[in-house]
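Report on one structure; see the data block that follows.
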Amino acid sequence: MFDFITEEHELIRKMAREFARNEIAPIAAEHDRTGAFPIETVRKMGELGFMGIEVPEEYGGAGMDSLAYVLAMVEISKVCASHGVIMSVNNSLFGDAVNHFGSDEQKRKYLAPVARGEKIGAYSLTEPMSGSDAGTMRTRAVLDEAGAHYVIDGLKSWVTSAPVADTIVLFAMTAPEKKHRGITAFLIETDRPGFKRGRTEPKLGIRASATSEIVFEGYECPVENRLGEEGQGFKIAMRVLDAGRIGIAAQALGIAEAAFEASVDYAREREAFGRKIGQFQMIQQKLADMKVKIDAARLLTYQAALAKREALETGGRFTMESSVAKLFASEAAMWVTTQAIQLHGGIGYSKELPLERYFRDAKITEIYEGTSEIQRLVIARMLTGLR
Ligand code: CAA
């Protein structure tokens, strides 16, 4: 039906589906319970090429396109959304940033090991007082007198994969008087002095993904680790989030599909009042509405992936398609997982089934990489040209 999905795409989807079923499904509940980072499966995902799907082969990636990334993300997230977000941050927030804005040397040194899954990448924009209003960050980077290093001081929060990351794409103010035009991006090596990991976030969902604050105290970042030009940081952050939001749409779609499939099975088997519950109209309505939302989310996510692929050729933007997909798919995932628990009744609320995990995991997709409110703001601004 979708003739843009090639045999190569089907192959990566199948690989991801089988890997998720065989390697991730048996450990997902336990990692959710303990919150332990699943380093072994993440390394294996790297060996299969899942940690740098769109990164060119010469920089350690699989050299595939944004649609391949989406198809694989859906399959992994369908089984475990924590693996999904670890994969997403490596691929888009870190991988896309360095692939798109890095120098050849930066790509060889920092991108290749992350794309191969040997090292973990992260992306750090948010601060305790700067979330949706990303342009108001306080972390400072000051060029030293010799012009060799930027000295970085500040506190960043909600950094996915920070507790295990080897390299982080960091955004800091180099010229606060210029506001968002004074933000610059840097590649941070986490084994250098002046870098510390702070408080780990005790999260509702995606519990096996590690999230923490990071602290910079006189951290000396070599000038050659600046990503792009001084003052270009905000635009880099936004362009990278355009790519990241497609990954989150795919993650949300995967979660929704898992909850939906479990609901169809349950509606076929469970009996009440002498009939299968799937024979009751109130259950039928839930299933039908789930199906429609999921199909729509899938189409919007594919549309965003195709828009990104085209934009890479034309130099255009895919901001609109990306925000539309992320907004719709994340709200669909929240709705579908809520209805799936309701349809299952008491057992849906129990930790014996993964429904409650899907529900907890779905919530974050409406929050990170831009809340639903921010996606609506982005869409409306693009529509009207007004700010
Ligand atoms: N691509 C390229 N440039 C862009 C852009 C885009 N998508 N969006 C904006 N810009 C440019 C604008 O053209 C403008 O350029 P000029 O300076 O030349 O005028 C500049 O950036 C500033 O744009 P705005 O005036 O629109 O900026 P704003 O301050 O009003 O903010 C915003 C816009 C959309 C609200 C933005 O701040 C935003 O996206 N906020 C949400 C941040 C977010 O998603 N955070 C999540 C962090 S990652 C995470 O979740 C954790 C994790 O690890 C997973």
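Model, not experiment: these values are computed from the prediction. In each ligand, atom 1 is the first atom listed, and ligand 1 is the first ligand listed. Below, all heavy atoms of this structure are taken into account, side chains as well, without hydrogens, waters or symmetry copies.
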Are there any protein N or O atoms under 3.5 Å from the N or O atoms of ligand 1? List them with distances, or say none.
unit_1: ligand 1; atom_1: 7 (N); unit_2: D242; atom_2: OD1; d: 3.3
unit_1: ligand 1; atom_1: 7 (N); unit_2: D242; atom_2: OD2; d: 2.9
unit_1: ligand 1; atom_1: 7 (N); unit_2: R317; atom_2: NH2; d: 3.4
unit_1: ligand 1; atom_1: 7 (N); unit_2: T319; atom_2: OG1; d: 3.3
unit_1: ligand 1; atom_1: 17 (O); unit_2: H180; atom_2: NE2; d: 2.6
unit_1: ligand 1; atom_1: 17 (O); unit_2: R181; atom_2: NE; d: 2.8
unit_1: ligand 1; atom_1: 17 (O); unit_2: R181; atom_2: NH2; d: 3.2
unit_1: ligand 1; atom_1: 18 (O); unit_2: R181; atom_2: NH2; d: 3.4
unit_1: ligand 1; atom_1: 18 (O); unit_2: K235; atom_2: NZ; d: 2.8
unit_1: ligand 1; atom_1: 19 (O); unit_2: R181; atom_2: NH2; d: 3.1
unit_1: ligand 1; atom_1: 25 (O); unit_2: R387; atom_2: NE; d: 3.4
unit_1: ligand 1; atom_1: 25 (O); unit_2: R387; atom_2: NH2; d: 2.8
unit_1: ligand 1; atom_1: 26 (O); unit_2: R381; atom_2: NH1; d: 3.0
unit_1: ligand 1; atom_1: 30 (O); unit_2: R381; atom_2: NH1; d: 2.9
unit_1: ligand 1; atom_1: 30 (O); unit_2: R381; atom_2: NH2; d: 3.4
unit_1: ligand 1; atom_1: 37 (O); unit_2: S132; atom_2: O; d: 3.3
unit_1: ligand 1; atom_1: 39 (O); unit_2: R245; atom_2: NH2; d: 3.2
unit_1: ligand 1; atom_1: 40 (N); unit_2: S132; atom_2: O; d: 2.8
unit_1: ligand 1; atom_1: 44 (O); unit_2: R245; atom_2: NH2; d: 2.9
unit_1: ligand 1; atom_1: 44 (O); unit_2: G370; atom_2: N; d: 2.9
unit_1: ligand 1; atom_1: 50 (O); unit_2: E369; atom_2: N; d: 2.7
unit_1: ligand 1; atom_1: 53 (O); unit_2: T160; atom_2: N; d: 3.3
unit_1: ligand 1; atom_1: 53 (O); unit_2: T160; atom_2: OG1; d: 2.9

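- Grouping Ile, Leu, Val, Met, Phe, Trp and Tyr by side-chain contacts under 4.5 Å, direct or through others, puts I188 with L143, Y150, I152, V159, I168, L170, F186, F195, I214, F216, Y219, V223.
- With sequence neighbours excluded, the residues that form a side chain to side chain contact (heavy atoms under 4.5 Å, CB included) with A329 are A249, A252, A297, T301.
- One distance of note links CZ of R376 with OG1 of T371; it measures 9.5 Å at 0.5 Å rounding.
- With salt bridges taken as basic N to acidic carboxylate O contacts below 4.0 Å, one links E18 and K14.
- Partner of H344 under the ring-ring contact (aromatic ring centres under 6.0 Å, His included) criterion, out of Y358, Y266, Y349: Y266 alone.
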Atom pairs and distances, side-chain donor-acceptor, residues 42-50, under 3.5 Å, sequence neighbours left out:
unit_1: R43; atom_1: NH1; unit_2: G117; atom_2: O; d: 3.0
unit_1: R43; atom_1: NH1; unit_2: E118; atom_2: O; d: 3.0
unit_1: K44; atom_1: NZ; unit_2: E23; atom_2: OE1; d: 2.8

